[in-house]
Amino acid sequence: MTASSLPGFRDSYPEDFVLRRHIFSGWREVARRYGFVEYDGPPLEALELYTAKSGAEIVGQLYSFVDRGDREVALRPEMTPTLARMVGARAQGLPKPIKWFSIPQLFRYERPQRGRLREHFQLNVDIVGETDVMADAELVAAAVDVLRYFGLGADDFVARVSDRRLITLILEEIGVPSGQVLEAISVLDRSERQGDEWLAERLSELGLGEAGVRRVLAVREHSLEDLSNEYGGSSGVSEAIQRLDAFFELIDHQGLAEFVVFDPRLVRGLAYYTGLVFELWEKSGRLRAICGGGRYDDLLAALGGPDLPALGFGLGDVVLGELLKEKGLVPRDSARIDDFIVCVTPEQRPAAIALVRRLREKGRSVGLDYRGRSVGRQFRAADQAGAARAIVIGPDEQRDGTASVRDMSTGDERSIGVEELLAELTAPDSAGNGA
RNA sequence: GUGGGCGUAGCUCAGUCGGUUAGAGCGCCAGGUUGUGGCCCUGGAGGUCGCGGGUUCGAAUCCCGUCGCUCACCCCA
């Protein structure tokens, strides 16, 4: 073997494509049901597109180089800057809300580990130009429905939802200095892994007194109602809570209540979120985030795009694929070709080839032996090719203008006139395998 | 970035107190006398034992380095 694939990059063999095709078609199907339309941009962009506005984290993991024209370029690590540019170019003329989705291959130079490579495909779904909470509910519902499409249920995953603005206001109310709010949020984000002592220490470093620390930690346990009772006096807080209440009501109307919970601990790493934030988490086994997103009303303008409110989520193929494999939700590779023509003696080759041609023109997927092997071997080849039917043309069939059609799964065989066989097939469209 | 485990055929692995041409199962290819696949039988191809260096009469086996995979941490989609 001369060389293996680069670390963090995958070779996708035909059997791997069974899973990838399944994932992509599920993504496209759910996006379609929600009325999103697909777009794409270049995988290679000007380095500047990311260094200017993206977070330091992303910039530090860029795959970048200088091209032959001395341009500094980078493989895209995320889709949002491209979206901002593309929407920006046409924003004026597009009816709002703009509902777009894409399945970009994204690249990040980081240490590969389970569920995290240097390259992956990510479903990106975005709504641009809509402030109404209905958009937030649609977005989360779409993400939930993507997982449900693959057969995952409420036992398998949950959507955790919070509101960045709400948490920010509450923390400020408690007395976290406004410049330190993001810092405090990221401390709360460690709740899963760090003990309360550690958290309390970090929080007091931010200038909080003992009582303040206790109140901040208590926020994690509060329900929306608790938060309303305790902090609802602030108009900003009560407004944010009303919005979340409306959100959950909309989720409930969709019958998705069991999939979505309020969780004030959720904050998400990225700094640009301005409102609702959510993540989809695997419930069983070790917890893993499958998908994340939220509202980023100021980001498009910050990226040099139009000043439009927006929200979106990203959902990668790697973790989802592993999850589906673990749960046994990967479809079996069904028959790969429709018909395999078995030619009994060399004399039938012209007739067999002619039949192959006519079947293909009907839209059938057709295979045949290339070198005149024995009938037994041809049947084995048909089996290995995953043929649904074997169609035998021998001296008898050739003389009578018929064919012997064998169903490879049941073994049933029947004799039928060639013209009749072709007439059974309707238009090319309906001849393919219905996925 | 830090630390642990692991790299032998396409795959899953056996073989390591250092000793002749490195093995198995599965898979692949070819046959089992030119009209029927899944089973079975026979034969075959395929490995510089991750790579480089060292110790030794002799290294898949011991030592060092390196690369890769993997797990945990860090960080974060």
Side-chain angles (χ1 to χ4, degrees), chain A residues 1-11 13-15 54-61 76-80 104 106-124 186 189-190 192-194 267-273 277-281 286 288-294 312-320 322 335 340-349 352 367 369 371-399 402-415:
Chain A
M1 202 58 67
T2 47
S4 53
S5 64
L6 257 23
F9 285 78
R10 298 169 285 179
D11 287 331
Y13 289 89
E15 63 269 26
S54 294
E57 223 45 70
I58 285 183
V59 172
Q61 298 177 346
R76 60 185 174 196
E78 57 168 340
M79 199 56 178
T80 310
L106 304 176
F107 305 87
R108 296 186 179 193
Y109 193 91
E110 59 183 338
R111 184 76 166 257
Q113 27 180 303
R114 182 174 167 79
R116 228 171 128 182
L117 305 173
R118 287 180 174 176
E119 148 273 320
H120 72 143
F121 290 93
Q122 190 183 67
L123 170 66
N124 269 246
S186 88
D189 195 22
R190 315 269 177 101
E192 307 268 346
R193 293 183 296 269
Q194 303 284 353
V267 287
R268 294 199 46 75
L270 295 176
Y272 55 68
Y273 289 108
V277 288
F278 76 96
E279 285 182 346
L280 265 44
W281 283 77
R286 207 175 325 133
R288 279 182 293 188
I290 306 166
C291 162
F313 70 78
L315 194 166
D317 72 319
V318 180
V319 172
L320 176 60
E322 282 177 4
F340 192 99
I341 307 304
V342 175
C343 188
V344 178
T345 77
E347 277 68 54
Q348 283 83 54
R349 292 208 100 195
D369 177 56
R371 17 160 195 162
R373 289 185 287 187
S374 72
V375 172
R377 295 296 153 182
Q378 290 187 62
F379 266 92
R380 184 184 289 184
D383 191 44
Q384 288 173 321
R389 309 192 298 184
I391 299 177
V392 183
I393 303 290
D396 300 345
E397 288 86 352
Q398 189 177 25
R399 184 190 63 229
T402 62
S404 296
V405 179
R406 181 183 180 88
D407 182 308
M408 291 297 282
S409 57
T410 66
D412 294 339
E413 196 164 319
R414 67 193 166 118
S415 178

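Lettering follows sequence order; numbering is per chain, from 1.
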Can you pull the side chain to side chain donor-acceptor pair (under 3.5 Å) pairs that have at least one residue in residues 371-384 of chain A, sequence neighbours excluded?
A/Asp369-A/Arg373

What string of B, S and - do you get for nucleotides 31-42 of chain B 5' to 3' if you count protein non-hydrogen atoms under 4.0 Å?
BB-SBBBB-B--

Checking all strands, does A/Leu315 fall into the base, sugar-phosphate, or nothing category for heavy-atom contacts under 4.0 angstrom?
nothing

Going by purine N1 to pyrimidine N3 plus the second Watson-Crick contact, or the G-U wobble pair, all under 3.5 Å, which nucleotide sits opposite [N]?
| N | answer |
| --- | --- |
| B/rC49 | none |
| B/rC26 | B/rG10 |
| B/rC76 | none |
| B/rU61 | none |
| B/rU21 | none |

Looking at residues at least two apart in the chain, or sitting in another chain, which of them share a side-chain contact (heavy atoms from CB on, under 4.5 Å) with [X]?
| X | result |
| --- | --- |
| A/Ser404 | A/Val392, A/Glu397, A/Glu413 |
| A/Leu117 | A/Arg10, A/Val318 |
| A/Val405 | A/Arg389, A/Ile391, A/Arg414, A/Ile416, A/Leu421 |

Rounded interatomic separation in angstrom, taking [atom1] from [X] and [atom2] from [N]:
| X | N | atom1 | atom2 | value |
| --- | --- | --- | --- | --- |
| A/Arg371 | B/rA30 | CZ | C1' | 9 Å |
| A/Glu279 | B/rC76 | CD | P | 12 Å |
| A/Leu280 | B/rA77 | CG | P | 16 Å |

Using the C1' atom in both, what is the distance from B/rG23 to B/rC49, to the nearest Å?
12 Å

Please enumerate all residues that pass side chain to side chain donor-acceptor pair (under 3.5 Å) together with A/Gln348, with sequence neighbours excluded.
A/Thr345, A/Gln398

